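Inspection log for the structure reproduced underneath, given as C-alpha cells.
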Amino acid sequence: MAHARISANLPPDIDPTKAPIAFGKRALPKLNEELRSPELLTQQRALMALCDLVHDPENVYQAIGVGFLDNLKTLLLHHDSTVRQKTTEILYIMAMHNVGRQGLIQSGMISALTELLDDPVDICRKNTHQIFEMMAKLHEGAVGILHAGLIPLLVFKLKTELDEIQELILDTLSNCLRVEASEALATGAITILKEKLKHSSAAIRSKAAWVLLEIGTHPEGKSMVCEEVIPVLVSLLEDTDPEVQASATGALMFATVKPQGRFSALGAEAIPPLLKLVAEETSKARLSAIKTLTMLAELPEGRKTLLDHTDTFQQCLNDPCEAVKRAAKIAISVIKWKP
Amino acid sequence: AAAPAVPYTYCSRPRALPACPKYRAARDAAELEKEPIRYTNLMYDRRVVRGNTYALQVVPVSTQPSPLEIQRQREARKRALARKCAKQQMQPRTPEPVEGREHVHVQTELYLEEISDWIIEVDTECQTDAFLDRPPTPFFIPAKTGKDVATQIEEGELFDFDVEVKPILEVLIGKTVEQALLEVMEEEELAQLWARQRAYAELRNAELAEVQRLEEQDRRYREEKERRKLQHMQMLQKQKETTEKIAARAFAQRYLADLIPSVFNNLRESGFFYDPIERDIETEFLPWLMTEVEETLERKVLGRTMLDSLIRTVVEKRLDAFSHKPLSDQTEAPAEESRPTDAAHQVAGETDAADQPVAEKEETDQPVPEEQPSRHISFRLEESDPAGTEDLETE
C-alpha cells in the first residue's frame, strides 16, 4: 500500500508527539474529530498540536466557533493525567484572550473546572488556578466564579496548597472579592489572610495584603479588617519588598476610612512609616500613603502630628504624576483644616 | 397471485416451466436447496409433443393402468415371450456332442489369443514437471547505435549556491525570528498590560479610598450637624421653658401677692378668726339662753293654754252641771275622767303648733312638777299626761 510518507525515516523536525495539522481551515475541525477518538494516543497528539495552535488569537476564535469547548469539557475528566494537563493548558491559553474568556464563561467551564481543584497532579491544579485567575480579571468571570460558589473552596485551599498555587489563588480571590466579599468573610478568610501576611515569601505577603485591600472596599469587610489586622499591616509597612509595602499601604488606606480603623492605626503608630513612604520619590506606595495620611489627618491627634510634617507633602506637589499632586493638595488642605 | 386487470383469465397462468431434472431423486434435494430455477429451451423439452399431430397418441388420463389394460399387457408380454421362445428354437444350432466328447471352443487363428474377461490393463502415469517461474525477460538492450557523448557540470556553472541560498535562508531565519519576536512581544505585551492594569488599579483604589473618605467625612459632618442641631433645639426648648417658667412665676407671684390679705380677709369674713370667748359665748351660751328663754316662754304659753283649757273645762263642766244636774252623779267620775281626756284631745287639737313644746313641756314638767303653781292641776295633768301622751303617740 502506498503511504504518504516517502521514506521510513521521519524527517528530522517533525515532533512525533504531535498530530499532523491539516492545511488551512481544515486544521481545527480535523483536530476536533481526533479529540473525540477512543484511542488515547490520538487524543494526546491532537491536544499537543492544539496547544501550539491556540497561541494565535484567530485560532482561538475559530476553535470556539468550531465547538472545541464541549470536547475539552469532557476531556477535563479524563483518567489520563497528560490529557488533563494538556487540556487545562489549552484552556489557560484560551483564557488569555478575551474571546476565549467569553467562550469559557458561556460554555460553563467554571463549574467543570471545580472538579479539578482536587486533582492529584500538581500541574493540572496549577493550570486550573491559572485559568481561574484569568477569568477573574473579567467582571463576568468574577461573577461566574462567585455564582459557582468557589470562594469558600478557594479560601480553604489557601491553607493546604503549594506556594505558587497559593499566589494564583490569592490573585483570583482579590479579583473576585472586588465584586462581593460577604462569602469570603463568612468562611473566615481574614484569619487565614492574617497568617499569610507573615509568610516567608514576599509575593504571597503582597498578594495577601492586596486581597485585604479588596475586602476593605466593602463596608462589612472594613469593620472586620479594622478589628484584627491593622497592627500586622502597619508592621508590614516597614517590609523590605516594595510590592509588599505598596499593597499593605493600600489595605491600610481602605481600613482607615472608618473611624475605629483610624484609631487603631494611630494606636499602632502608623504615621512614621507612612511618612517615610511618602518621602521616597519612586515608591509605588506613595499615592496610597498620601491617601492614608489624609484619612489619619482627620483625627485631631493625627492632625497635630502631621502639622509638623507638611513639608513632606509640599515635596509631593512636584511629583510628575497628576494623581499624586492632587492627593498631596487634598492632604495639605485636610491637615490645615480648622473646625 | 391475483389476476391483473387484463381482459384474459386463465385456469392456469402461463409460466415458464423449470427444467425437469434428470434424476428424480435429485429433485427433492434441489427443492430443498432452492436452486435457481433453470429454464429450458422449449424446443428441447421432452415434455413437448413433436411430430405430426394427426395420429395423436392420447396419453391416458390416469397413470395407473386400468385392470383391463393390465391384463392385456400381461397377455402381450406372454405372447412376446412365447414368440421369443419359438424364435429361439427355430434357430439352427450345432448338434449335440457325441458321448464322451465335449464341444470346446477353439481358436483357429494363427496366433492364439488368450481370451479373458478382464481386459489387460496397464497403469501408466504421466506427470508434467513442476512449473518453473517464467524467467524474467531479459532487458531489451538494443544494440548500441550512435555516438557516445559525455558532459559534466562543474561547480558554480549551474547556480551559485551562496547567491541562491540567500532567499531561502532569509525566509527560514526570518520566519524563525518572526516567531520568536511574536512570542517575546506577546509576553512583553502581557507584562505591560499587567503593569498598566496594576497602575490603573492603584489609581482606582486611591480614588475609591478618596471617595470613601469623603463619604465618611460627609457622614461625620452630617451627624455632627444633626447633633448640633439637636443640641441647639434642646437649648432653645430649655430656654423657652425657662422663660415660660419665669413668666409664670412672675404672674403667679403677682397674682398671689394679695392672696394672703384676701385670704385673710375672706377667712375673717367667713368667720374663721374668732375670739374664742365670744365664740364660746355665741355657740354655747346664747343657744342655751335662747332655749331657756324659749322654755320659759313655752311654759308660759303652756300655762296660758292650760289655763285656757282649764277655764274651758270648768266652764263646760259648769255648763253641764247646770244643764245636767238632774242626771246621775255616777257618771261624773267617768265623765270627769273622760272629759279630761276630751280636754286633752281638745287641748291637743287646739294647740297643734304647741305639740312639741307641749311634749317638751310635759316631759320637762314631769320631772319638775313642783314648779307648777297649781298642784291639783298637775295631779290631773299627771293623770292625763300618760293618756295625753298615749293619744299623742297614737295620733
Side-chain angles (χ1 to χ4, degrees), chain A residues 13 52 55-57 93 96-98 133-134 137 171 174-175 178 206 210 213-214 216-219 222 243 246-247 249-262 283-299 321-324 326-327 330-331 334 337 339, chain B residues 161 165 167-233 235:
Chain A
D13 52 354
D52 285 334
H55 279 276
D56 188 3
I93 302 175
M96 285 213 261
H97 304 284
N98 196 26
E133 188 216 338
M134 279 294 152
K137 292 200 205 276
D171 270 332
S174 72
N175 285 322
R178 191 176 301 152
S206 78
W210 200 261
L213 192 159
E214 299 291 346
T217 43
H218 302 276
K222 272 199 261 281
E243 281 281 341
S247 327
T249 327
L252 263 181
M253 180 171 70
F254 276 102
T256 47
V257 170
K258 276 216 161 145
Q260 70 199 91
R262 288 181 203 171
S283 132
K284 283 190 220 177
R286 211 175 192 196
L287 188 57
S288 324
I290 296 179
K291 285 268 178 251
T292 322
L293 284 172
T294 319
M295 309 241 188
L296 287 176
E298 301 213 338
L299 290 173
C321 175
E322 181 60 44
V324 175
R326 237 181 313 142
I330 296 175
V334 168
W337 181 75
Chain B
F161 179 71
V165 90
I168 300 179
L169 257 186
E170 273 176 20
V171 166
L172 273 176
I173 294 178
K175 281 272 174 208
T176 320
V177 169
E178 193 185 321
Q179 181 72 15
L181 270 177
L182 274 176
E183 288 183 8
V184 168
M185 264 178 17
E186 196 181 331
E187 286 174 16
E188 240 185 57
E189 198 182 330
L190 276 176
Q192 274 214 353
L193 277 176
W194 295 148
R196 274 178 80 92
Q197 213 178 45
R198 185 78 178 216
Y200 168 73
E202 267 184 30
L203 270 177
R204 193 176 58 97
N205 286 339
E207 290 296 319
L208 194 62
E210 183 66 25
V211 163
Q212 290 186 344
R213 182 186 72 84
L214 286 173
E215 256 181 30
E216 183 69 28
Q217 209 185 37
D218 187 53
R219 185 185 67 88
R220 268 199 341 227
Y221 283 173
R222 235 182 309 128
E223 277 184 15
E224 190 64 34
K225 245 192 278 182
E226 289 293 314
R227 251 182 280 140
R228 295 245 177 109
K229 254 199 281 185
L230 203 64
Q231 247 181 5
H232 195 69
M233 291 268 292
M235 200 186 64

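By convention in this document, chain letters (A, B, ...) are assigned in the order of the sequence lines, proteins followed by strands, and residues within each chain are numbered from 1. Quick caveat: nothing in here was measured; it's all calculated off a predicted structure.
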Item to complete: Please list, in residue-number order, every residue in residues 174-194 of chain B that has a heavy atom less than 4.5 Å from any heavy atom of chain A; write 'none' if there are none.
Response: B:Glu186, B:Leu190, B:Trp194
Worksheet entry | ring-ring contact (aromatic ring centres under 6.0 Å, His included) partners of residues 210-233 of chain B, not counting sequence neighbours, each pair once | A:Trp337-B:Tyr221
Fill in: Within residues 250-257 of chain A, residues adjacent to chain B where the heavy-atom gap is under 4.5 Å
A:Met253, A:Phe254, A:Val257
Worksheet entry | Reported CZ-to-OG1 distance for the pair B:Arg204 and A:Thr217, which is rounded to 0.5 angstrom | 8.0 Å
Worksheet entry | Spacing of B:Asn205 atom CG and A:Arg178 atom CZ [to the nearest 0.5 Å] | 7.0 Å
Using non-hydrogen atoms only, which part of [X] is less than 4.5 Å away from chain B: side chain, backbone, both, or neither?
X        : answer
A:Ser174 : neither
A:Ser288 : neither
A:Ile330 : side chain

Worksheet item: Using 4.0 Å as the upper bound for N to carboxylate O, is an ion pair formed by A:Glu298 and B:Arg220?
Response: yes
Practice prompt. Report the option among A:Val334, A:Thr294, A:Val324 that has the most heavy-atom pairs separated by less than 4.5 Å from atoms of chain B.
Written response: A:Thr294
Discussion item. With a 4.5 angstrom heavy-atom cut-off, is it the side chain or the backbone of B:Gln197 that approaches chain A, or both, or neither?
Written reply: side chain
Discussion item. With a 4.5 Å cut-off on side-chain heavy atoms, are A:Pro259 and B:Glu216 touching?
Written reply: yes
Fill in: Greater than 12 external heavy atoms within 6.0 Å of B:Met233's CE
no
Fill in: Partners passing side-chain hydrogen bond (donor to acceptor under 3.5 Å, both in side chains) against B:Arg198 (at least two apart in sequence or in another chain)
A:Glu243
Response to the item:
Interface check, chain A: of B:Glu215, B:Glu207, B:Arg213, B:Glu202, most non-hydrogen pairs under 4.5 Å belong to B:Arg213
